[in-house]
Number of protein chains: 2
Amino acid sequence: MNHEAATAPTLQDQTLSLGPLELRLGDREALVSGVRASLTVREFEVLEALTERPDRVITREDVYGRVWGGRMPYRDRAVDVHVKRIRQKLGAIAPNWTFVHTHFGIGYRLSPEAVDEGQQ
Amino acid sequence: MNHEAATAPTLQDQTLSLGPLELRLGDREALVSGVRASLTVREFEVLEALTERPDRVITREDVYGRVWGGRMPYRDRAVDVHVKRIRQKLGAIAPNWTFVHTHFGIGYRLSPEAVDEGQQ
DNA sequence: AACCCCGTTAACATTCTTTTCACCACTGCG
DNA sequence: CGCAGTGGTGAAAAGAATGTTAACGGGGTT
């Protein structure tokens, strides 16, 4: 006998998958290839913001607005620094994948791409 | 995470299509046959300016005014240089298409044209 | 208090973009 | 044909944006 009906997926349990990347929105956990990436809260939020439109460019201002709220102060580097750490942590788990792409002068784009191994 | 602006109706997603060319105005991204052309911001803006009246000639002065604002300095080559790189990038993706046409002494005209393969 | 974690900030390094210049090819005309 | 103006192109110089590291400081914990 099973009681599956009792465990209907609530929004909190929602997970989002993009290639080897998996975001558990409810408990703010990110997994890469099933491995915990141990992102901090801010890091997770930035990554989640990029998730709004996967494979599309999201401006720095947009990320800032979604995570911190309000306008991004002139020359603020908070977004960059967090992106750097996100890349670092995800990259440590999946070295031949690239997740966050820079769009110079605009912002970032999240789309997991396998790196060609021929160049290692 | 701040969700105040989360689901704002981003009509920035507006895209413009001309033959195999697709401009995502909001993201400032240009695609050719679905492939990202990775134009820089200026390059995109110049291309966008030519888009104002597709298939019609647009003067250099006009392009300059729309992208840089103000009058074009005497003998300024900025527009030309950017057109050159636009052609280069678009051409790399779709070798048998021509997008930007020169009108001597006047300016440029944007209209994607397939090149007859028989002449190669 | 001492410690640790995290977010922020500042400073410097690096990479990418834009501008500028020089040289040459091409056009149109006398 | 030769001249003058215009556009194509490559590359250096100048300028901006992003990458990266480390220090600082607030909170919470021991």
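From a predicted model like this one, the values you see are computed outputs, not experimental measurements.
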message = Taking the basic N atoms (NZ, or NE/NH1/NH2) and the acidic carboxylate oxygens, is any pair closer than 4.0 Å for B:R66 and B:D62?
response = yes
ask   = Quick one: which of D:dT18, C:dT18, D:dT21 gets closest to the side chain of A:D80?
value = D:dT18
key: Validation row: B:V100, B:R109 side chains within 4.5 angstrom (heavy atoms)   = no
task = Using only side-chain N and O atoms of A:T40, determine if any of them is under 4.0 Å from OP1 or OP2 of C:dC5.
result = no
request  = Report yes if at least one side-chain N or O of B:T102 is closer than 4.0 Å to OP1 or OP2 of D:dG8; otherwise report no.
outcome  = yes
inquiry  = Can you measure B:Y64 atom OH to C:dT19 atom C1' for me and round it to whole angstrom units?
reply    = 10 Å
task = Check the distance between D:dA16's P and A:F104's CZ and give it to me in whole angstrom.
result = 12 Å
remark   = Whole-Å distance, B:L39 CG to C:dT18 P, equals 10 Å
message = Please give me every residue in residues 82-92 of chain A whose heavy atoms get under 4.0 Å of an atom in DNA chain C, ordered by residue number.
response = A:H82, A:R85
note = Residues in residues 66-78 of chain B with a heavy atom under 4.0 Å of DNA chain D, by number, are B:R77
N/O donor to acceptor pairs below 3.5 angstrom from side-chain atoms of residues 29-42 of chain B, sequence neighbours left out:
{"unit_1": "B:E29", "atom_1": "OE1", "unit_2": "B:R24", "atom_2": "NH1", "d": "3.4"}
{"unit_1": "B:E29", "atom_1": "OE1", "unit_2": "B:R36", "atom_2": "NH1", "d": "3.2"}
{"unit_1": "B:E29", "atom_1": "OE2", "unit_2": "B:R36", "atom_2": "NH1", "d": "2.5"}
{"unit_1": "B:T40", "atom_1": "OG1", "unit_2": "B:E43", "atom_2": "N", "d": "3.3"}
{"unit_1": "B:T40", "atom_1": "OG1", "unit_2": "B:E43", "atom_2": "OE1", "d": "3.4"}
{"unit_1": "B:R42", "atom_1": "NH1", "unit_2": "B:E45", "atom_2": "OE1", "d": "3.3"}

query = Taking C-beta and beyond as the side chain, do B:W97 and B:L90 meet within less than 4.5 Å on heavy atoms?
reply = no
query = Got A:Y108 and A:I86 here, is their nearest side-chain heavy-atom distance under 4.5 Å?
reply = no
inquiry  = Measure CD1/B:I106 against C1'/D:dG5 and give the value in whole Å, please.
reply    = 14 Å
query = Between A:D76 and A:R60, is the closest basic N to carboxylate O distance under 4.0 Å?
reply = no
inquiry  = In the structure I gave you, are the side-chain heavy atoms of B:V63 and B:V46 within less than 4.5 Å of one another anywhere?
reply    = yes
request  = Could you tell me the separation between the CZ atom of B:R42 and the P atom of C:dT17, rounded to a whole number of Å?
outcome  = 13 Å
key: Side chains of B:D27 and A:I106 in contact at under 4.5 Å (non-hydrogen atoms)   = no
query = Do the side chains of B:L23 and B:T51 get nearer than 4.5 Å, heavy atoms only?
reply = yes
